[in-house]
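Chain identifiers are assigned alphabetically (A, B, ...) following the order of the sequence lines, protein sequences preceding nucleic acid strands; residue numbering begins at 1 within each chain.
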Amino acid sequence: MRSLLDGLNPQQLAAVTLPRESALILAGAGSGKTRVLTTRIAWLIQEKQLSPMGVLAVTFTNKASREMLTRIGAMLPINTRGMWVGTFHGLCNRMLRAHHREAGLPQAFQILDSADQLALVKRVMRALNVDDERYPPRQAQWFINGQKEAGWRASAVMPTDDLERRFNEVFEAYDRQCQQEGVVDFAELLLRAYDLLSRNEPLRVHYQSRFQHILVDEFQDTNKLQYAWLKLLAGRDNAIFAVGDDDQSIYGFRGADVGNMAAFERDFAVRHVIKLEQNYRSHGNILDAANALISRNRERLGKNLWTADERGEPLRVYEAPTDTDEAGFIVDEVKSLLREGTSASEIALLYRSNAQSRVLEHALFSAGIPYRVYGGLRFFERQEVKHALAYLRMVANPEDDGALLRVINFPARGIGARSIEHLQEAGRARGSSLWQAACGGAVTGKAGTAIGGFVRLVDGLRTQCAGLKLPELVTHVVEGSGLKDHYQTEKDGAERNENLDELVNAAATFVTEAIYEAGAEEGGTTDPNDPLAALSAFLAHASLEAGEHQAGAGQAALQLMTVHAAKGLEFQAVFISGLEEGLFPHDNSLDENEGVEEERRLMYVAITRARRRLYLSHAQSRMLHGQTRYHLPSRFLEELPEALMKRINASRVAPWAPPPARTGFPPPMASRNDTGWRVGQNVMHPKFGAGVIVSAEGRGADARVQVNFRDAGLKWLALEYAKLTPA
DNA sequence: CCTCATTGAGTTTTT
DNA sequence: CTCAATGAGG
C-alpha cells in the first residue's frame with residue numbers, strides 16, 4: 001500500500017510528522033505547503049487515531065478550504081463533510097449559528113457584505129447628521145473594520161483626534177443599529193465569535209477539549225483578532241500548526257500583521273521552525289530573480305528558495321512606447337505560445353491594479369483570444385441577485401432595514417425618497433425597525449397606501465414560503481416579488497433573469513451539497529430541516545462565498561487578474577505588465593510605513609507564479625484616468641540581476657523615439673514644444689536623481705519642464721539653470 | 001417619482 | 001476613461 005508519506009522531502013516529512021506541539025512552518029512559494037497541511041491532517045487521523053472532529057483547519061479563502069477538503073478526502077476513506085475545515089469567517093459563522101442565543105444574535109442573523117455595510121454606515125451617518133464631506137463614509141467603514149480587527153468595540157476605543165472621535169460615534173451607533181436589525185458584518189463574525197468564547201467558559205472548554213490540533217494556512221495574513229481567536233481556541237493544551245511565508249505577506253493594508261509570526265513563536269514557545277525551501281514549481285532563473293528581489297527587504301525571517309530543476313530560459317523584458325503597444329506585444333507573444341501548444345488557461349496576465357486590464361482586454365478581444373478576467377463583479381454581488389437576496393432576507397428577518405430599503409421601491413411601486421424619509425423618522429421615533437413602522441401604519445395618506453402594499457406583499461411571501469423547501473422558496477420569492485416580471489419588460493433584463501434562474505440553481509446545489517454540514521452541531525440549535533435555518537444558511541453562504549459562483553469557469557481561456565488575486569496560483573507562462581514607478585510600486589503605497597517592502601513582496605509573489613516562462617513589461621506612456629501619463633521603469637526591474645534577463649526590444653525601440661501616433665487620435669502632445677526636451681523622456685538631475693518629463697513649455701530663457709522624479713516627486717525646472725541630462 | 005445630465009473621484013481585497 | 005453619486009427637469 002502506498003504510504004501517505006511517500007515522496008515527501010525531509011523537511012516536508014519532518015513537518016508532517018511533528019509531535020503534538022505548536023510549530024511554525026515557513027513555506028516558500030511552490031514548496032508544497034498545501035500538501036504538507038493536508039498530509040499532516042491525514043497522518044494525524046490515520047496514524048495517530050485522531051478523530052476527524054478533533055481537527056480545526058483554517059484558511060483565508062473558500063477555494064483553499066475546498067481544496068484542502070478534497071485532498072483529505074482523496075487520501076482517507078472518510079467523509080470530510082462536517083469536519084471543521086474552512087475560512088475564519090465561515091467557521092465563526094458556523095459557531096455563531098450553533099450558539100446564536102449565547103452570542104446574543106437572532107437565529108436568522110444575516111451577514112452584511114462590504115457594500116451592505118457601507119450602505120448601513122451611510123444610513124447611520126445621515127441619522128447622526130454627520131457631514132459626509134468632512135467624514136467620508138468609506139473612511140468610517142475602514143475605521144470600524146480596523147477597530148474590530150484589532151479587537152476593539154467602540155466603547156474601548158480612545159480617539160486621538162476629532163476625526164476619530166466622530167468616526168467612533170458612528171461606530172457606536174452603527175453597532176447598535178446592527179444589533180437592532182440582527183445583522184453582522186464580516187469583522188463582527190470574528191469579534192462576536194471571539195467574545196462568545198472568551199465570556200462563555202463552558203463553551204470555551206468544550207471547543208478547547210475538542211480541537212486538539214489546529215492548523216492554519218497563510219498564517220502571515222492573519223490579523224490581530226484572528227490570532228487572538230486562535231489563541232483562545234488553543235488554550236493551554238492544544239497545538240497550533242501554523243504555515244506561512246512572511247515574504248508573501250501582501251495584505252498588510254487591510255490589517256494583516258506579519259508580526260503574528262514572531263508573536264506566535266514567542267507565545268507558544270515554538271521549538272520547531274521548519275523551513276520548506278525546495279521549490280517544485282519554477283525554473284532556476286525565475287527563482288533566482290525572485291530571491292534576488294526579495295533579498296532587498298530588511299524585515300525578513302530569512303529563507304532562500306532553491307530548485308533541483310534546470311535553469312530554464314532568461315526572463316524576457318520588454319519596454320513599450322505606450323500601453324497599447326505593450327498590450328500588442330503581449331498578444332503577439334501569447335499567440336506564439338498558443339501556437340507552440342501552451343494551453344490558454346496556463347497563461348496568466350498579471351497587473352497591479354484592475355484598471356490596467358482594460359487595454360489588455362481590448363487587445364485580446366481584437367485578436368480573438370479567449371480570456372477570463374478575475375475579480376470582476378461577482379455573482380452574488382449583481383444588482384438583480386442582491387435584490388432577490390434582499391427579498392429573501394425580508395422573509396428570513398423583516399427587521400433587516402437594509403434589505404427593506406433595497407426593495408421597498410423595487411420594482412417601483414410609488415414609494416419615493418420622501419415616503420422613505422417619513423418611514424425612517426417614524427422608525428426612529430418609536431425606536432423600532434422600519435418594518436414595524438411600516439406595519440404600524442406610521443405613514444398615512446397616499447404614501448401610506450403604497451407602503452401598505454409592500455407590507456402585504458412581504459407578509460404574503462412570508463406565509464406562502466413557510467412550508468417550502470429552499471429551491472422552491474427562492475423560486476417563489478423571485479416570482480412573487482415581481483422581480484421576474486420587472487426584468488421581463490426591461491430591455492437588458494434577459495441576462496438578469498438568467499441570473500435569477502441561476503440563483504435558484506445555486507439554492508438547489510446548496511441544499512444537496514452544503515447545508516447538512518452546518519446543521520446538527522452538538523449543543524447547537526440549528527436544525528437542517530427547519531426551512532428558516534436553511535434559508536439563513538443559504539443567505540450566509542451568499543455573503544461568504546460571493547465570488548465562487550462564476551459562469552464559464554472551466555473553459556480554456558487566458559487568465560487575467562491582479563497580482564493579489566494570483567497568490568496561491570501557478571502558470572506555465574506569466575506576464576507581469578505595467579512595471580512602472582507609480583503603478584508598481586504604486587504611488588499610494590510609497591509613503592506608507594514599509595509600503596515599498598510590501599510592494600516588493602507583491603512583485604515576489606508575481607514572479608513566483610511562473611513555472612517556465614516569465615515576461616516583464618512596461619510602457620513609457622500610459623492612458624490613466626483619461627490622461628496620458630509618463631512613468632519611469634519600475635525600480636523592481638533594476639533590482640533583478642541583469643544576467644537573468646533578456647531585453648527583447650533593445651534594437652526595436654530607440655530610448656527616446658516619439659510615441660507613434662494612434663490611428664484616429666491626435667498624436668500625444670509629446671513632440672511639439674520649443675524647449676528641446678520631449679515629454680516622456682527619461683532624464684537625470686544631479687540633485688533629484690532619475691525622473692521623467694511630464695510637460696514642457698516656453699522657449700529660450702523662459703523654457704521650463706515639469707519633471708516627475710522618482711524620489712523627489714513632481715518639480716518644475718527652469719532649463720536655464722537646471723543641469724538636466726538625458727537618461 | 002423618474003430620467004437624464006453633470007460632476008467628481010479613481011490601489012491592492014477576501015470574507 | 002468609467003463608474004457612482006448628485007441635481008435639474010419632465
Side-chain angles (χ1 to χ4, degrees), chain A residues 58-65 86-93 111-119 122 132-133 136-138 142 145 148-149 184-191 193 217-218 221-223 225-226 249-256 323 350-359 362 374-378 380-381 383 409-420 446-447 450 540-548 561-568 578 582-592 595 598-599 601-603 605-606 622-629 665:
Chain A
V58 203
T59 64
F60 274 84
T61 65
N62 294 300
K63 199 172 163 197
S65 63
T87 63
F88 278 100
H89 295 85
L91 295 172
C92 286
N93 174 52
I111 301 166
L112 303 180
D113 68 18
S114 310
D116 297 333
Q117 184 189 32
L118 183 61
K122 284 181 181 168
D132 59 1
E133 298 263 287
R138 282 188 173 283
W142 189 79
N145 290 336
K148 287 191 181 188
E149 276 158 15
V184 298
D185 57 53
F186 288 134
E188 183 69 26
L189 279 174
L190 287 155
L191 187 50
D217 190 16
E218 307 276 16
D221 286 336
T222 52
N223 62 35
L225 179 56
Q226 287 160 338
S249 158
I250 55 174
Y251 286 109
F253 72 92
R254 66 170 197 223
D323 50 353
L350 307 184
Y351 33 81
R352 176 67 202 352
S353 60
N354 281 311
Q356 289 166 247
S357 75
R358 214 168 279 283
V359 210
H362 182 76
Y374 288 77
L377 191 58
R378 287 187 272 250
F380 285 110
E381 289 171 0
Q383 186 213 113
N409 197 36
F410 194 95
R413 51 177 71 85
I415 304 172
R418 210 62 245 277
S419 314
I420 291 171
K446 217 169 97 196
H541 165 83
S543 298
L544 293 173
E545 293 200 35
E548 300 309 321
M561 64 190 90
T562 63
V563 181
H564 282 91
K567 189 163 82 150
L583 258 185
F584 196 2
H586 198 280
D587 264 337
N588 296 12
S589 61
L590 292 184
D591 42 284
E592 278 167 42
E598 180 148 322
E599 294 286 306
R601 290 193 291 270
L602 198 50
M603 180 68 182
V605 168
R622 173 178 300 277
M623 275 299 253
L624 217 58
H625 309 320
Q627 275 185 323
T628 307
R629 300 267 302 266
F665 290 96

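- Separation of the P atoms belonging to B:dT13 and C:dA4 is 16 Å when rounded to the nearest angstrom.
- Between the side chain of A:Arg254 and the base of B:dT12, no donor-acceptor pair under 3.5 Å is found.
- Atoms NE2 (A:His89) and P (B:dT14) sit 12 Å apart, rounded to a whole Å.
- Rounded to the nearest Å, the gap between the C1' atom of C:dC3 and that of B:dT14 is 22 Å.
- Residue contacts for A:Phe60: at a heavy-atom cut-off of 4.0 Å it reaches the sugar-phosphate backbone alone, with no base atom in range.
- Contact annotation: side chain of A:Ser114 to base of B:dT15, donor-acceptor pair present below 3.5 Å.
- Listed pair A:Ser543 / B:dT15 fails the phosphate criterion, with no side-chain N or O lying under 4.0 Å from OP1 or OP2.
- Both the sub-6.0 Å distance and the 45° axial angle are not jointly satisfied by A:Arg378 relative to the ring of A:Phe380.
- Contact annotation for A:Ile415: backbone-only contact, meaning every heavy-atom pair under 4.0 Å involves sugar-phosphate atoms and none involves a base.
- Using a 4.0 Å cut-off, some side-chain N or O of A:Asn62 falls inside it from OP1 or OP2 of B:dT15.
- A:Gln627 has its CD atom 15 Å from the P atom of B:dG8, to the nearest Å.
- Rounded to whole Å, atom C1' of B:dT15 lies 11 Å from atom CD of A:Glu381.
- In this structure a side-chain-to-backbone donor-acceptor pair under 3.5 Å is present from A:Arg601 to A:Ser249.
- Whole-Å rounding puts the A:Glu598 CD to B:dT13 P distance at 12 Å.
- Aromatic ring pairs are classed by plane angle as parallel below 30°, tilted from 30° to 60° and perpendicular above 60°; the pair A:His564 and A:Phe253 is perpendicular.
- When distances run from any side-chain atom of A:Thr61 to the nucleotides B:dT12, B:dG10, B:dT14, the shortest one goes to B:dT14.
- Counting non-hydrogen atoms under 4.0 angstrom, A:Asn93 reaches nothing in the nucleic acid.
- Using modelled atom types and a 3.5 Å distance limit, the side chains of A:Gln117 and A:Ser114 yield no donor-acceptor pair.
- Note on A:Ala412: only backbone sugar-phosphate atoms sit closer than 4.0 angstrom, heavy atoms only; bases stay farther off.
- If you measure from atom CG of A:Asp221 to atom C1' of B:dT12, you get 13 Å, rounded to the nearest angstrom.
- By the 5.5 Å and 30° criteria, A:Tyr251 is not stacked with the base of B:dT14.
- Looking at heavy-atom distances under 4.0 Å, A:Ser65 makes no contact with the nucleic acid at all.
- Checked against salt bridge (charged side-chain N to carboxylate O under 4.0 Å, His left out), A:Lys567 has the following partners two or more places apart in sequence or in another chain: A:Glu218, A:Asp221.
- Between the OH atom of A:Tyr374 and the C1' atom of B:dT13 there is a distance of 17 Å, given to the nearest Å.
- Listed nucleotides B:dC1, B:dT12, B:dT15 differ in distance to A:Arg418; the shortest reach to its side chain belongs to B:dC1.
- Between the P atom of B:dT12 and the NE2 atom of A:His586 lies a distance of 7 Å, rounded to the nearest Å.
- Contact of the A:Phe584 side chain with the A:Val563 side chain is registered, since non-hydrogen atoms from C-beta on lie closer than 4.5 Å.
- Taking side-chain N and O atoms only, A:Asn409 has a distance below 4.0 Å to OP1 or OP2 of B:dC2.
- In A:Arg138, the CZ atom is not crowded: 12 or fewer heavy atoms of neighbouring residues, nucleotides or ligands sit closer than 6.0 Å.
- Residue A:Asn354 is in sugar-phosphate contact alone, with no base atom involved, counting any heavy-atom pair closer than 4.0 Å across all strands shown.
- A:Glu188 is linked by a salt bridge (charged side-chain N to carboxylate O under 4.0 Å, His left out) to A:Lys148, A:Arg153, A:Arg192, counting only residues two or more places apart in sequence or in another chain.
- Residue A:Arg254 holds its CZ atom at 8.5 Å from CD of A:Glu149, rounded to the nearest 0.5 Å.
- Nucleotide B:dT13 holds its P atom 20 Å from the CZ atom of A:Phe380, rounded to whole Å.
- If you find the closest nucleotide of DNA chain B to A:Ile420 and to A:Met561, the one lying nearer the 5' end belongs to A:Ile420.
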Between the protein and nucleotides 2-10 of chain C, list every N/O to N/O distance that falls short of 3.5 Å.
unit_1: C:dA5; atom_1: OP1; unit_2: A:Lys122; atom_2: NZ; d: 3.4

